[in-house]
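Written below as structure tokens is the structure these notes are about.
Values below: all heavy atoms of this structure, side chains included; hydrogens, waters and symmetry mates excluded. First the proteins, then the strands, lettered A, B, ... as listed; each starts at 1.
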There are 2 protein chains.
Amino acid sequence: MPGAHRRPRLLPEPTIARLPIYQRIAEELVRRGLDTVSSDDLGRLAGVSAATVRRDLSSIGPFGTRGSGYDTAHLSRRTAELLGGDSTFPTVIAGIGNLAKALINSPLFGDRTAKIVALYDVDVDIVGTYVGGLQVRRLADEDGTSFVDPPAIGILTCPASAAQDVADGFCDMGIRALMTFSPRVLEVPREVTVRYVDVSIELQILTYHLEHGRGPLNGGLLHNLGVSPVRVALHP
Amino acid sequence: MPGAHRRPRLLPEPTIARLPIYQRIAEELVRRGLDTVSSDDLGRLAGVSAATVRRDLSSIGPFGTRGSGYDTAHLSRRTAELLGGDSTFPTVIAGIGNLAKALINSPLFGDRTAKIVALYDVDVDIVGTYVGGLQVRRLADEDGTSFVDPPAIGILTCPASAAQDVADGFCDMGIRALMTFSPRVLEVPREVTVRYVDVSIELQILTYHLEHGRGPLNGGLLHNLGVSPVRVALHP
DNA sequence: ACATGTGAAAGAGTTCACAGCC
DNA sequence: GGCTGTGAACTCTTTCACATGT
């Protein structure tokens, strides 16, 4: 029977990219003891339009109440769940410089969602040292026997010249998600997701706008979604 | 969206975001002594379609030659110029931790396009110290008298809790371009461009894809443009 | 023959506007 | 009255397809 089979619909990529923002805000609102939030207020806090908020939230399974707004606790729970907050993804990092240390010392990687389980480098002065409680090893020496669970996320903070080799090594280890800080397009198998965090590109986008007289569009949050946050008070 | 009054722009934002990639590749091709490149090859190297390459390049002033391809030297020059490569933008950084040090020590900031001219922090152990040849000062003490040219770019590597105050301070200094690493939506005057580099969001996008099985879409480069680079040889 | 440049079509995402419900 | 949920309109971007030029 045509149409009877309901496939779990993927969310549009821009919506996925906004979920972490909603999550962060909902968590904060719960912390402040606010039970509900309107699409209008949430939109202002997230820097997107109320219509976009309603479209996004209705697509992750409506839980708003007409007349009052969205339940902050429910919103927080649902977004956290969608973003994999209930799972733990073993994470490895290659290229242990200042940037890697900044990441390792940040609150991003606890034992919660992404847990760092291995550090790699090639520099003889760095291999063998301990950073954040883990001994730095050589990626080439990795045989996978030391992992309790196989790594799921790989982070590249290595020089651009090494990026493709490291990415190949990570993919061979079975990693399915890469975040790279190297200014380099990576070629990976189709089933691997790659996120590029490219500061040089960001900087050049800024200089483009400076060079061409301003951009009224404060885009950029969530990847150029055309967001233009305005100064907002939670309770005007 | 409220407050998002957009004026017609010279180039579409996604095209602007791809310019740095074309720039980087064109530079590399010139270095390798290749005089021309086809939209097909350039697309594979940049991880976008040939049609997109042709649309982008034709919109920045056609300089391809039918039958042979694009002149790499010309392409490199034109993109560099569009991206402000001929100007120097004084840049300041607030929040001098590992991340800031990684940026300061990176080749991104020379005397070329973005030149770092001031460092700020509030920590008494950090204020007064020298990092990369500059003495860290307090943003609150800044009266602007020490600048030869007024700063154009502000970078926030401070804790999220301080981000809005720092952004306010930067905007008061007349800065028109911000890059922030704090997980926080910034509210700034309309004429200020903001780029968000939010590792926690990137990480959560990865965990979303891991949680929901596959993502054949290796999007992310240039902000989720739906790019899916495949392994490519320059001259097959 | 080959590759660009570009109208036209398609696709993706956002915003409008209002019906529906609290 | 207020606010969500959603079909429809609209805007922006990409892709197609081929005329155009070398």
Verify the contact: side-chain N or O of A:Y70 to OP1 or OP2 of D:dG5, cut-off strictly under 4.0 Å; return yes or no.
yes
Closest nucleotide of DNA chain C for A:T65 versus for A:D56: which of these residues is on the 5' side?
A:D56
Between B:S39 and C:dT4, is there a side-chain N or O to OP1/OP2 distance below 4.0 Å?
yes
Separation between CZ (A:R195) and CG (B:L206), nearest 0.5 Å, reads 7.0 Å
B:F63 CZ - C:dA3 P separation (whole Å):
18 Å
Would you kindly give the CG-to-P distance between B:L57 and D:dT15, to the nearest whole Å?
14 Å
Are side-chain heavy atoms of B:I116 and B:V92 found at a separation under 4.5 Å?
no
Take atom CG of A:D71 and atom P of D:dC3, then tell me their distance rounded to the nearest Å.
16 Å
Quick check: any donor-acceptor pair below 3.5 Å linking the side-chain of B:R66 to the base of D:dT20?
yes
Measuring to OP1 and OP2 of C:dT15, would you say a side-chain N or O of A:T52 lies under 4.0 angstrom away?
yes
Inspect the contact between A:R24 and B:D198 and indicate whether a charged nitrogen and a carboxylate oxygen are less than 4.0 angstrom apart.
yes
Tell me whether the rings of B:F63 and B:Y70 are parallel (<30°), tilted (30 to 60°) or perpendicular (>60°).
perpendicular
N/O donor-acceptor pair, side chain B:R55 with base D:dT13, under 3.5 angstrom:
no
Distance, rounded to the nearest Å, where B:I16 contributes CD1 and D:dT14 contributes P
12 Å
C:dC2 OP1/OP2 closer than 4.0 Å to side-chain N/O of B:S68
no
Gap between atoms CD and C1', on B:E13 and D:dT14 respectively (whole Å)
16 Å
Between A:L19 (CG) and C:dG13 (P), how many Å, whole number?
14 Å
The nucleotide from D:dT15, C:dG5, D:dT22 with an atom nearest the side chain of B:S49 is D:dT15
Taking atom P of D:dG7 as reference, at what distance in whole Å does atom CZ of A:R54 sit?
14 Å
Looking at C:dG13, D:dT22, C:dT6, which one has an atom nearest to any side-chain atom of A:P12?
C:dG13
Do B:E28 and B:R32 meet the salt-bridge criterion of a basic N to acidic O distance under 4.0 Å?
yes
Atom-to-atom span, CG of A:D40 to C1' of C:dC16 - whole angstrom
15 Å
Counting side-chain heavy atoms from C-beta on, which of D:dT14, C:dT14, D:dC16 comes nearest to A:R18?
C:dT14
